[in-house]
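Report on the following structure.
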Amino acid sequence: MTTVRERQEAREAAYLAPHAALSSVSRGRQRPEPPCPYRMIYQHDRDRIIHSKSFRRLKHKTQVFLAPSGDHYRTRLTHTLEVAQIARTISRALGLNEDLTEAIALGHDLGHTPFGHSGEAVLDRLLPGGFRHYYQSLRVVEILERDGRGLNLSFEVRDGIGKHSKGKGDIISPDPNCRAATLEGRIVRLADIIAYVNHDIDDAIRARVIRRDDLPATCSEVLGDSHSARINTMVTDIVDRSLEQNGAELAISPAVLTAITRLRDFLYERVYDNPTVHGDFIKARRVIEDLFHHFTGNPGEFRTRHYPAYRDEDTLEQNVGDFIAGMTDRFAFAMFEEIFLPRPWMIR
Ligand code: MG
């Protein structure tokens, strides 16, 4: 008798587009395990990511504005949900595997440091092997989650997570080695950029770091004048251009690609490197540096008191890097306070 999962796999094979990644032909998990009788492999992966501790911590990690007290600013969690929504829309419109797309999108930033990209830049400088959040996301799902056992995800989800970003590199990479093995994974990379370019503009206007009229006029002409118009133009363009190529590869028209690149450059100049935003990041950088030097300078205390998940197969620096990368903004502040600030004397 066939299982519920097998019947779903048969339906998937019948209705998905020819270039979709079918659940039934996945290259499988890191370690073999019996399949779920109900869920297909990528559905199962998505559920594992949602139930992970790293996923819950995204709620208190910076997107652009540090530990914002305003309720409407994005955090790493709401960024992740917006990426998943945009990626699923493109994926479904192209007849691709929405479950795979969603799992990659929800897992793509699990390795992000506290304090956004400035946290990433500090760890990159401090760790002998460097630090990139996309490799750390992979490390989280392959090793660190579930007390060092990892989430044991499928190859396709891990591949998409590890290749979702190349920092400020090409939006569509000409180098096949940089591209995800599946179209679903490549969609997440585009959806990530579409999401952050648009919501970072929205948050920067909210924070009065820029005004709506500051946006380059050439971008508004191509993409539209509002947040939703811009997202809609980008998504529609990718879907339509890709369908014109029979969905074998993702495509985007040159005018839209140029406008997105221009908007991203504008964000770097006016928002990410803005002195007000950047000033806070310089302070946050000190927090990470001081914690790093404290932990590496006191390995005994680090292992016993702070990081029981210590992995003997890795260096001290790597363990400290894993611990700091996993912190939320508020946890890093609290740890800094505990270690470096005197405690008010309570006994009268
Ligand atoms: Mg992201």
Side-chain angles (χ1 to χ4, degrees), residues 45-46 49-50 52 54-68 73-91 100-121 123-124 131-141 153 157-173 178-180 182 184-204 227 230-231 234-235 238 250 260-261 263-265 267-268 271-272 277 281 325-329:
D45 282 2
R46 175 204 55 208
I49 290 167
I50 288 180
S52 69
S54 310
F55 186 75
R56 295 198 288 281
R57 291 200 301 266
L58 295 174
K59 173 167 70 165
H60 291 293
K61 291 192 180 203
T62 288
Q63 172 58 30
V64 170
F65 297 94
L66 279 191
Y73 289 99
R74 270 71 174 189
T75 65
R76 203 46 70 178
L77 180 64
T78 52
H79 159 71
T80 295
L81 296 175
E82 291 186 33
V83 174
Q85 180 274 314
I86 290 168
R88 284 175 48 216
T89 301
I90 298 173
S91 187
L100 172 58
T101 314
E102 186 180 18
I104 297 169
L106 294 179
H108 85 281
D109 268 353
L110 289 179
H112 230 298
T113 57
F115 314 135
H117 288 284
S118 77
E120 181 173 22
L123 281 186
D124 188 39
F131 182 92
R132 293 279 183 275
H133 78 271
Y134 35 94
Y135 294 137
Q136 189 67 15
S137 295
L138 209 47
R139 191 168 161 79
V140 165
V141 300
L153 304 180
V157 172
R158 288 181 287 123
D159 168 79
I161 289 175
K163 293 190 179 139
H164 84 265
S165 167
K166 281 281 171 249
K168 220 183 154 192
D170 290 317
I171 288 175
I172 293 185
S173 175
C178 293
R179 274 185 253 159
T182 61
E184 288 81 352
R186 292 175 215 166
I187 286 176
V188 173
R189 174 167 164 73
L190 287 175
D192 187 25
I193 297 169
I194 294 174
Y196 81 69
V197 160
N198 285 294
H199 65 45
D200 289 355
I201 287 173
D202 191 47
D203 277 357
H227 181 72
R230 283 189 291 269
I231 296 182
M234 294 178 193
V235 168
I238 291 170
L250 297 179
I260 298 177
T261 312
L263 268 190
R264 189 174 63 169
D265 293 343
L267 276 169
Y268 272 90
V271 179
Y272 307 144
V277 179
F281 281 129
M327 291 179 183
T328 59
D329 295 10

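For the single chain, residues carry numbers from 1 onward in sequence order. Ligands are counted one by one from 1 in listed order, and the atoms in each one are counted from 1 as well.
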The Mg ion (ligand 1) -> D192, closest N, O or S atom is OD1
Worksheet item: Would you call the rings of H117 and H112 parallel, tilted or perpendicular if under 30° counts as parallel and over 60° as perpendicular?
Response: perpendicular
Exercise. Is it true that K61 and D329 make a salt bridge, defined as a side-chain N closer than 4.0 Å to a carboxylate O?
Worked result: no
Near-ring test H108/H133, centroid separation under 6.0 angstrom: no
Original post:
Does H112 put an N, O or S atom under 2.8 Å from the Mg ion (ligand 1)?
Top reply: no
Residues Y196 and L267: closest non-hydrogen pair is O-CD1, 4.3 Å
Per residue D109, nearest N, O or S atom to the Mg ion (ligand 1) is named OD2
